[in-house]
Amino acid sequence: MSRLTSGKNVLLLLLLVMCLLISGCGGNKVPQEKSAEGESPQEKIPQELVIGSPWTPKELDPVSAGWLVLRIGLVDTLVAIDYDINLVPGLAKSWEISSDELEWTFKLEEGVKFHDGTPLNAEAVKWSLERVMEKGTLFKDVPIKSIEARGDYTLTIVTEELFAPLAAILAKGEAAPVSKNSLDANGEFKEIIGTGPFMLSSWIPDQEAVLVRNDDYWGKIPTLDKVVYKGIPEAATRIMMLENKELDVAQILPADAVEQLEANPEIKVYTKPILRSRVIVLNMLREPFNDLRVRKAVNHAIDRESIVKHIMAGVDVAASGPFPPTTPWVNKNLQGYPYDLEKAKTLLAEAGWKDSDNSGIIKKDGKPFTVDLITYSTRAELPPMAEVIQDQLKKAGIQVNIQVLETGAAQSLREEGKFDMYLLARNLGFAPDPSYYLMSDFHSKNTGGKGWGAYGFNNKHVDELIELTQRTTNLQERKKYFAKLQEIIVDETPVMFLNHYVNVTAVRSNVQGYNEHPTESCFHLENIYIGE
Amino acid sequence: MLRYLLRRILMLVPILLGVTLITFSTMHLAPGDPAELILRGRLGGADPPRQAVEELREEMGLNIPFYVQYGKWLKKVIQGDLGNSFRTGRPVLTELLSRFPATLELALLSTLISLGIAVPVGIISAVKRNSFLDIFSMIGALLGVSMPNFWLALLLMMFFSLKLGLLPVAGYGGFRYLVLPAVTLGTGMAAMVARLMRSSMLEIISQDYILTAKAKGLPYYRVITGHALKNALIPVVTYVGLQLGWALEGAVIVESIFARPGIGRYLHESVFARDFPAIQGCVLFFALVFVFSNLIVDISYAYLNPRIRYEKGME
């Protein structure tokens, strides 16, 4: 008897499962809320935007998540960056440097209020910046002596020595002022209260941040009523959500999706070069790349156009120097290293590397030209790129062994000098001032092992020029130094520049005014509206 | 029965100790100095100053012997303190608990779906052995086993969301958002369970007592549901328990694709961010679920099959 009843129980359970399944499917035939809205022309088009990004909103404290809160317009910075990557007034309407070049005085916009209604004045900015100094890492290499409020709307930053990139660093989201009420009684960060065009309405960590328009904004008041910023880790999911009208904007899409998306009349695709490049760091501390001729030869043996065409679906831009052609400080005279296999072979022969036994591999003193190329897979395009490079260098008689590692393991090998070539993706725009990047990647102080830049590169002239760029505020002079630096670095080639990133973003065709910023610092949501 | 249970529970102690030891070691087995990796993460890849690294090493207790570090860590873990996430600074336990519901509902529904598909399919295949239906469902099972989760997920999104407009592509919220991820995860599991159900059923229906039941003149469906099913389910129950661990593993991929804020995705992101306390927390959590679901399987197994509890009990 008991056996029979438990048999029935199992059957009942199964039935229950079936019912659940059926009811599950049936319950979902509800029409999609979104498509039902705003169809009739009499009604006002709802000004609501849903953005899908691979970067989830994990935290909202500007000290650590400044990049995010500035992007979505919750905060403003003292200094802003325009679309040509020039520094322009933000919350500070002007700034000047004292004659001894140690005091920076910022005149603040008057009448600006935080989202909680408290006024933004010099005292509030001072408090906020001092919190960044205490809690954050943004100012770790900035020789700040003191921050002083010398009037209601006059803020002065005194530095120990002249530090030209200061204004650029203040343009980072990490330095954005927040209201004192952002912290709780224990001084812990509680909520984000900035001055931006949007205010936070709700936030679910790792999922989404919901923003509403700040009607008291001091600048251009946004048209959008509401913005939902969602973290969607997979690119394929973002594309499908966009196609299914669950997203209005899908960011950071793979290059090979461009063709498919452009074929859809309901979708617009934007491609924009950003400040990130794929490069190969050469180990200059050992053979064979301690020889300039060999470094030049491998540069000529790589067909950069072919890599862009075949790996990046023709979307990215082949590089002739460290900076993308869209940046104001790029040296436009640089030719880089055009693909020239014969020249590569000649240079290698001059350096003593010849295919003496017709084995296809060049040799010097009986030793074959075999090098280790390391890279990592968190950026999916790097390993296939490594394989194409391996194939291209083989034509010059060079044998490349590829090791695809986890990022930390690749860095350890680099630090120990156990590599010849290191293929990586490098961000050039941590601060919108090239001296920051040049310092960390090419100054001999920083090429000893750690970091992501040149390895074993030691050039006195380069060091002097980088230091000059940090000590000069005259724009024209700085531009001259930057041009010269690019020339030397490309000529000495401690790092091979392969190509520059292009961000692919797709939006629904009714989204107007979307314009990706080349530094990715801000979405400028206040310029976006929904309309035909 | 009680002795059997006690024995099983006592056996968990060394297993859990082993698990915590391995979990704790992850941070030390990974290449590079943890303190430096953390600082580099905070600085967005820039080199941390030497002094800061030393200070953090001291603060994290990395300079004391390994076993002392382990002991201290274990003590905290037992008290429920899994440390704070490197990325967000929030306690890992809080983060895990806030993500638990999303993963739990996914694991449960996908298990239900897999059983809902697999048990009837397995029974029919066994009863109608070598028929068209049998071959068809077993080819289906083979496909289900071989199909990668992420691929199936994309196909389902394309069909049910883009073509039919029935369900949202991805996200988290009500039941509508749960269906596609659960079907994705459940289908893979169903394939395995269906094959197991079939072979187990085949074995049972060739037994003498089934012949007896048939000879008594019982209708065939009563023979199957009343006599064969319960015995045939024993290996399936064992397997489904183990499958729960598999569901969690699958959740790592499925939650990322469907943008669900569950523990699987948390692990996935923590690994990429080298957030060691979070990784340790997730691994420990997965291990616990696995160990305890095994325990529950053992208990239910003893309930379903009296021979087991008597044998063990009389030792």
Pick from A:Pro233, A:Gly52, A:Ala236: which one has the most heavy-atom pairs with chain B under 4.5 Å? A:Pro233

Of all heavy-atom pairs between B:Pro261 and A:Gln207, which one has the smallest distance, and what is that distance? CG-NE2, 3.1 Å

Full working for side-chain contact (heavy atoms from CB on, under 4.5 Å) between A:Asn244 and B:Met157: CA-CA 10 Å; A:Asn244 203 33; B:Met157 284 177 184; over 6 Å; no

Within the 4.5 Å heavy-atom criterion, are B:Ser161 and A:Glu243 side-chain neighbours or not? no

Could you list all the salt bridge (Lys or Arg N to Asp or Glu O under 4.0 Å) pairs where at least one residue sits in residues 161-172 of chain B, not counting sequence neighbours? none

Using a 6.0 Å cut-off, check whether atom NZ of A:Lys190 has over 12 heavy atoms from anything other than its own residue. yes

Can you list every side chain to side chain donor-acceptor pair (under 3.5 Å) pair that touches residues 250-260 of chain B, not counting sequence neighbours? B:Thr103-B:Glu255, B:Glu105-B:Arg260, B:Ser256-B:His268

Counting heavy-atom pairs under 4.5 Å with chain B, which one of A:Glu208, A:Met241, A:Glu234, A:Met240 comes out on top? A:Met240

Comparing B:Leu164, B:Leu162, B:Leu154 against chain A, the one with the most heavy-atom pairs below 4.5 Å turns out to be B:Leu162

When you measure from the side chain of A:Thr237 to the backbone of B:Ile257, do you find a donor-acceptor pair of N or O atoms at a distance under 3.5 Å? yes

Looking at B:Gly174, B:Ala170, B:Ala259, which has the largest count of heavy-atom pairs under 4.5 Å with chain A? B:Ala170

